[in-house]
Amino acid sequence: MSYPRISTLKTAADFSRRLTELGLTLPFDEVVETGAQAPLAQAIPYGRGIIGNRFAILPMEGWDGTTDGKPTDLTRRRWANFGKSGAKLIWGGEAVAVRHDGRANPNQLVLNAANESEIGELRQILLDQHRTQFGKVDDLLIGLQLTHSGRFARPNDKKKLEPRIAYRHPLLDAKFGIKDDGPLLSDDDIARLIDAFIEAAKRAARLGFQFVDIKHCHGYLGHEFLSAVDRPGKYGGSIENRTLFLRDITAGIRTAVPQLDIGVRVSVFDYFPFQPGPEGTGVPAGNGVYRHAFGGDGTGLGIDLNEPFQFLKLLEENGIELVCTTAGSPYYNPHIQRPALFPPSDGYQPPEDPLVGCARQMNITAQLKARHPKLIFVGTGYSYLQEWLPHVGQRLVRDGAVDSVGLGRMVLSYPELPADTLAGRTLERKKICRTFSDCTTAPRNGIVSGCYPLDPFYKERPERIELNAIKKGQE
Ligand SMILES: Cc1cc2nc3c(=O)[nH]c(=O)nc-3n(C[C@H](O)[C@H](O)[C@H](O)COP(=O)(O)O)c2cc1C
């Protein structure tokens, strides 16, 4: 199945027609406004201050830290780019493990005593870059994403999963080689991990981060708790129990560092894991009743927002104002998580026009925002919209369907997109992310991430040759 490329949808009528063909509701504005009154230029009142505009940078890891969890020049370059993007909300920077065993790869950052100052330096680099470019930083909100990778931990060897899981999963255990209860975390293990999150949050506060994101997405441990319906004991079963991990971390942070705000990035719906079917197109890896998709309707392919609504209510009750919505997992159903025309090397051909995946995330976020208007929602899944990203983003913000437009892959190829949009400059087409997925394929094959097709810096790196050879071999 092939889908029309976004770059061929040149006029609003073309884009509209394609949305109609797909039966999608995805509102957009034909003209992107500029100037002080432009929807994307509006500030968001937040806590003690403001967030200066409606663009956010989503957390984007580079698999490029040192093996002891410190940043490298590549990490520092990426954070500088976040600063020069013009976005006024930096949602987390990148996933930072609270402990060695929670690293998703041996090059993930770890926030511990030895690494603290160098991780703090990343924030400073971002801040300096932003100040140089835009003159002020008092309307810039910077958070740090804290994580434990759970089922997808690879702390010591890029190729070796060393999972720590909340429960035995009927499909993912087989897919990722879990054969016994060895990786199961006990309640005591979890209590110690909660302490590690609180310790890391204290460090983040000391470094000047204004909030920490307690990551609950993409199949990592926090997200896995949300579907631990079969786990016995206090962390499984009811939604109250499945959110105890988050509530205990929140309570600990509030006591230890009351000045630090808390955000949560959450996969608000999930599907079956997918796998390549005939001709490589993604098909569900299961059938029948599926109880392990948080935000799922039990079919593995549908959405029921009842529990996500309860989750958001809980955030409000716990004084958490910042939420970043995302979906599924890049490891088992990437098409719902990061819609792309070209799959990563461990993926499958898209089973739907990627526009469907974009619209799904945006419409779900709009429904959540409508029910919880006081929460500040950062949306995800915009990069595939390409030339139409500012048009859709502006309209969703104008309609109050989202508060901030989060940018993931686009910030790797075109960091200045927010600044260019806000200034009314024509977008630079050669920088627009076309979702080649090299930024995912590279780390899946042990190579640092970056935009190899479009960023001249990565284009010239030797890893590009290695990556191309791997892709050729896999074809
Ligand atoms: C190379 C790469 C690194 C990522 N790193 C993180 C991360 O550290 N934490 C996280 O929550 N999401 C991470 N994501 C997911 C993105 O934040 C985002 O959800 C995804 O790319 C979809 O948004 P987009 O359509 O704008 O790309 C990563 C995605 C990619 C492609």
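The figures here come from the full heavy-atom set of this structure, side chains too, leaving out hydrogens, waters and symmetry mates. In listed order, ligands and their atoms are each counted from 1. We number each residue from 1, following the sequence as shown. Remember, predicted model here, so these are calculated numbers, not experimental data.
Judged purely by distance below 3.5 Å, without hydrogens or angles, the side chains of Ser227 and Asp270 never pair a donor atom with an acceptor atom.
Relative ring orientation between Phe311 and His216 is described as tilted, the plane-to-plane angle lying within the 30° to 60° band.
The distance criterion of under 3.5 Å between nitrogen or oxygen atoms is not met by Glu94 with respect to ligand 1. Remark: ligand 1 and Ser449 share no N or O pair separated by less than 3.5 Å (distance only, no angle test). On a distance-only criterion, Gly408 and ligand 1 share at least one N/O pair closer than 3.5 Å. An N or O contact shorter than 3.5 Å is missing between Trp63 and ligand 1 by distance. On a distance-only criterion, Pro339 and ligand 1 share no N/O pair closer than 3.5 Å.
Salt bridge present: Glu387 and Arg429 bring a charged side-chain N and a carboxylate O closer than 4.0 Å. Using a 4.0 Å cut-off between charged side-chain N and carboxylate O, Arg206 and Glu199 make no salt bridge. The pair Asp438-Arg464 does not count as a salt bridge, with every side-chain nitrogen at least 4.0 angstrom from each carboxylate oxygen. Using a cut-off of 4.0 Å between Lys/Arg side-chain N and Asp/Glu carboxylate O, Glu416 and Lys431 are scored as salt-bridged.
The shortest contact between atom 29 (C) of ligand 1 and any protein heavy atom is with Arg338 NH2, 3.1 Å. Nearest protein heavy-atom contact of atom 25 (O) of ligand 1 is Arg409 NH2, 2.8 Å. What sits closest to atom 20 (C) of ligand 1 on the protein, heavy atoms only, is Gln337 NE2, 3.8 Å. In terms of protein heavy atoms, atom 8 (O) of ligand 1 is closest to Ala95 N, 3.0 Å. For atom 24 (P) of ligand 1, the closest heavy atom belonging to the protein is Ser383 OG, 3.3 Å.
Below 4.0 Å from some heavy atom of Gln145 lie the following atoms of ligand 1, by number and element: 7 (C), 8 (O), 9 (N), 10 (C), 11 (O). Listed by atom number, the atoms of ligand 1 under 4.0 Å from Thr440 heavy atoms are 31 (C). Using a 4.0 Å cut-off to heavy atoms of Tyr382, the atoms of ligand 1 that qualify are 25 (O). Of all the atoms in ligand 1, the ones that sit under 4.0 Å from a non-hydrogen atom of Thr380 are 19 (O), 22 (C), 23 (O). Close approach of ligand 1 to Gly381 (heavy-atom distance below 4.0 Å) involves ligand atoms 23 (O), 25 (O).
Listed here is the closest heavy atom pair of Asn333 and Tyr271: ND2-O, 3.3 Å.
Aromatic pair Tyr331/Tyr220: centroids less than 6.0 angstrom apart. In summary, the aromatic rings of Phe152 and Phe176 are positioned with their centroids under 6.0 Å apart. When ring centroids are compared, Phe377 and His372 stay outside the 6.0 Å threshold. Between Tyr452 and Phe436, the gap from one ring centroid to the other reaches at least 6.0 Å.
When the options Cys358, Pro334, Pro59 are ranked by their closest heavy atom to atom 14 (N) of ligand 1, first place goes to Pro59. Nearest-residue assignment for atom 12 (N) of ligand 1 (options Met60, Glu61, Arg265; heavy-atom criterion): Arg265.
In this structure, Met410 does not count as a contact residue of ligand 1, since none of its heavy atoms falls inside 4.0 Å of the ligand.
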